[in-house]
Amino acid sequence: TKQPVRVAVTGAAGQIGYSLLFRIASGDMLGKDQPVILQLLEITPALKALNGVVMELRDCAFPLLADIVTSDDPMVAFKDADYALLVGAMPRKAGMERGDLLGANGGIFKPQGEALNAVASRDVKVLVVGNPANTNALIAQQNAPDLDAGQFTAMVRLDHNRAISQLAEKTGKPVSSIKNLTIWGNHSSTQYPDLSQATVDGQPALDQVDRDWYENSYISTVAKRGAAIIEARGLSSAASAASAAIDHMRDWALGTPEGEWVSMGIPSDGSYGIPEGLIYGFPVTCKNGKYEIVQGLPVSDFSRGKMDATAQELTEERDEVRKLGLV
Ligand code: NAX
């Protein structure tokens with residue numbers, strides 16, 4: 001039997017945490033043969049609620065759940081962590097400017113980056129879910145100089161899964177028939193859900209839907225899905241976000257199927273003309289715990305414009321957090 005691995009989760013008493021922890025503990029993320037130790041971080045006032053979640057985790061009697069640690073100190077929660085899912089963040093409040101939001105989150109992700117740098121496993125795989133996810137990942141990464149920059153990733157997988165689901169609905173085909181779509185850029189309304197390489201049942205997706213629907217309806221429906229969920233549910237996406245986090249980490253750790261790719265927010269190496277260092281959604285394949293950008297895809301003028309616009313937004317966010325001294 002395998003040795004347990006350490007999985008740190010922040011914001012563990014929140015909505016996403018309430019779905020995520022149970023899926024990790026049941027083996028959905030790292031496999032049904034991989035025991036896990038959960039190391040849960042919350043702010044002090046939420047520790048009581050977190051304890052309730054821990055009671056429920058224990059009551060599930062998950063065979064793979066080897067131990068649970070809780071703390072309000074990132075130096076404890078990130079100790080020797082092999083995986084870190086940074087979910088807890090400061091939500092945007094009414095009247096908050098982007099700079100205020102980035103500043104508030106800097107107060108969370110800077111010390112968390114420093115703590116990961118100090119105590120996590122040297123191979124820790126970090127996924128940032130808390131918004132603004134891409135730039136929060138950049139802040140954590142820039143404050144962890146001893147870790148490989150590529151170990152810091154941001155979640156665009158929920159957007160990727162939403163894009164699959166919308167295309168499946170439109171074409172009347174099962175989600176499993178859809179391959180190789182890409183979410184480029186920021187997890188925000190500027191993201192670009194790109195169908196130019198996507199296939200449905202092995203045939204080009206764009207031959208099966210009309211161009212006007214793609215350009216003028218599909219892209220914005222995917223990008224604004226989060227707002228539609230809030231409108232319907234009165235709360236933001238939680239179970240679907242947790243599921244996407246599971247998918248992101250599982251594929252990174254265990255690999256993507258041969259001939260298929262997924263979307264991950266990762267540090268740009270300059271591929272596709274995206275400014276180096278931005279944490280940007282790219283098409284990637286994963287193998288042996290490493291991801292690699294899918295290279296050589298043709299980029300139309302339409303795609304170029306969308307890819308540059310979302311890169312521009314991320315550049316502005318980076319400039320803002322630089323001004324605040326966070327990176
Ligand atoms: P909740 O407000 O339910 O939970 C967040 C939890 O984080 C709270 O329990 C809070 O006490 C905790 N927290 C705050 N500061 C912390 C800190 N410094 N250390 C540890 N814990 C801390 O939010 P939830 O619905 O779970 O969403 C969490 C984050 O995910 C939000 O930032 C949200 O915007 C973001 N999302 C990102 C998505 C993505 O696709 N990247 C989609 C879903 C979601 O909107």
Side-chain angles (χ1 to χ4, degrees), residues 8-23 39-54 69-78 81 84-93 96 101-116 126-140 143 153-163 183 185-189 191 193 222-231 233-249 262-266 279-281:
V9 179
T10 77
Q15 282 205 91
I16 294 175
Y18 195 68
S19 283
L20 181 60
L21 301 179
F22 297 84
R23 304 258 330 253
Q39 305 192 156
L40 309 177
L41 182 70
E42 259 296 350
I43 52 174
T44 316
L47 286 176
K48 178 162 179 270
L50 180 60
N51 190 45
V53 177
V54 169
V69 175
T70 64
S71 182
D72 57 3
D73 180 355
M75 296 288 276
V76 174
F78 294 152
L85 294 91
L86 309 189
V87 180
M90 179 77 80
R92 188 187 289 258
K93 301 208 180 82
M96 227 177 178
L101 181 72
L102 290 167
N105 279 293
I108 297 175
F109 288 88
K110 187 176 195 288
Q112 291 187 359
E114 290 165 349
L116 286 163
V126 182
L127 168 62
V128 176
V129 173
N131 281 321
N134 300 53
T135 297
N136 286 341
L138 183 71
I139 295 169
N143 287 283
T153 68
M155 189 164 94
V156 294
R157 187 61 176 264
L158 179 55
D159 309 297
H160 181 97
N161 288 346
R162 286 167 171 165
I183 304 295
N186 202 1
H187 168 68
S188 77
S189 57
Q191 66 175 262
V222 172
K224 292 185 190 144
R225 185 69 164 179
I229 301 283
I230 293 173
E231 170 62 25
R233 214 171 77 88
L235 289 167
S236 58
S237 320
S240 56
S243 197
I246 294 281
D247 289 346
H248 176 115
M249 282 303 213
V262 295
S263 307
M264 285 172 67
I266 57 168
I279 308 274
Y280 187 96

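All ligand and atom numbering here is 1-based and tracks the order in the structure. We use all heavy atoms of the structure for the numbers below, so side chains are in, but hydrogens, waters and symmetry mates are not.
- If you look at Gln112 next to ligand 1, the close heavy atoms, those under 4.0 Å, all belong to the side chain.
- You'll find the side chain of Leu21 reaches within 4.5 Å of the side chain of Leu40, heavy atoms only.
- Residues Leu158 and Ser237 are in side-chain contact: their nearest non-hydrogen atoms beyond the backbone lie under 4.5 Å apart.
- Asn143 contributes no side-chain N or O that, together with a main-chain N or O of Glu114, makes up a donor-acceptor pair within less than 3.5 Å.
- Using a 4.0 Å cut-off between heavy atoms, Ile108 contacts ligand 1 through its side chain alone, with no backbone atom that close.
- Between Thr70 and Glu42, the side chains place no donor N or O within less than 3.5 Å of an acceptor N or O (distance only, hydrogens not considered).
- Ser71 places no side-chain N or O within donor-acceptor distance of the main-chain N or O of Ala77, the cut-off being under 3.5 Å.
- Asn161 places no side-chain N or O within 3.5 Å of a backbone atom of Ala244 that could act as its donor or acceptor partner.
- Of all atoms in ligand 1, listed by their number and element, those nearer than 4.0 Å to a heavy atom of Ser236 are 25 (O).
- Here Leu158 has side-chain heavy atoms under 4.0 Å from ligand 1, and that is the only part of it that gets that close.
- Not a single N or O atom of Ser237, backbone or side chain, sits closer than 3.5 Å to an N or O atom of ligand 1.
- Ligand 1 places these atoms under 4.0 Å from at least one heavy atom of Ala89: 32 (O).
- Proximity of Met155 to ligand 1, defined as any heavy-atom pair under 4.0 Å, is shared by backbone and side chain alike.
- Remark: minimum distance from atom 41 (N) of ligand 1 to any protein heavy atom is reached at Val129 O, 3.2 Å.
- Counted within 6.0 Å of CZ on Phe22, heavy atoms from surrounding residues, nucleotides or ligands total more than 12; the atom is thus considered enclosed.
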Task: Check against side chain to side chain contact (heavy atoms under 4.5 Å, CB included), Leu85 and Ile16 - done: CA-CA 11 Å; Leu85 294 91; Ile16 294 175; over 6 Å; no
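- At the shortest separation from atom 25 (O) of ligand 1 among protein heavy atoms lies Gln15 NE2, 3.0 Å.
- Remark: the backbone N or O of Leu47 is not paired with any side-chain donor or acceptor of Asn51 at under 3.5 angstrom.
- The heavy atom nearest to atom 33 (C) of ligand 1, considering only Val53, Asn131, Leu47, Asn136, is found in Asn131.
- Of the candidates Asn161, Val9, Ile16, it is Ile16 that places a heavy atom closest to atom 24 (P) of ligand 1.
- If you number the atoms of ligand 1 from 1 as listed, the ones under 4.0 Å from a heavy atom of Ala13 come out as 9 (O).
- Considering only non-hydrogen protein atoms, atom 13 (N) of ligand 1 sits nearest to Glu42 OE1, 3.8 Å.
- Close approach to Val87 involves these atoms of ligand 1, each under 4.0 Å from a residue heavy atom: 28 (C), 29 (C), 30 (O).
- Within a 4.0 Å radius of atom 30 (O) of ligand 1, the protein contributes at least one heavy atom.
- For atom 43 (C) of ligand 1, the closest non-hydrogen atom of the protein is Ala241 CB, 3.5 Å.
- Judged by distance alone, the side chain of Gln15 and the main-chain N or O of Ser236 form a donor-acceptor pair under 3.5 Å.
- Ranking protein heavy atoms by distance to atom 38 (C) of ligand 1, first place goes to His187 NE2, 3.6 Å.
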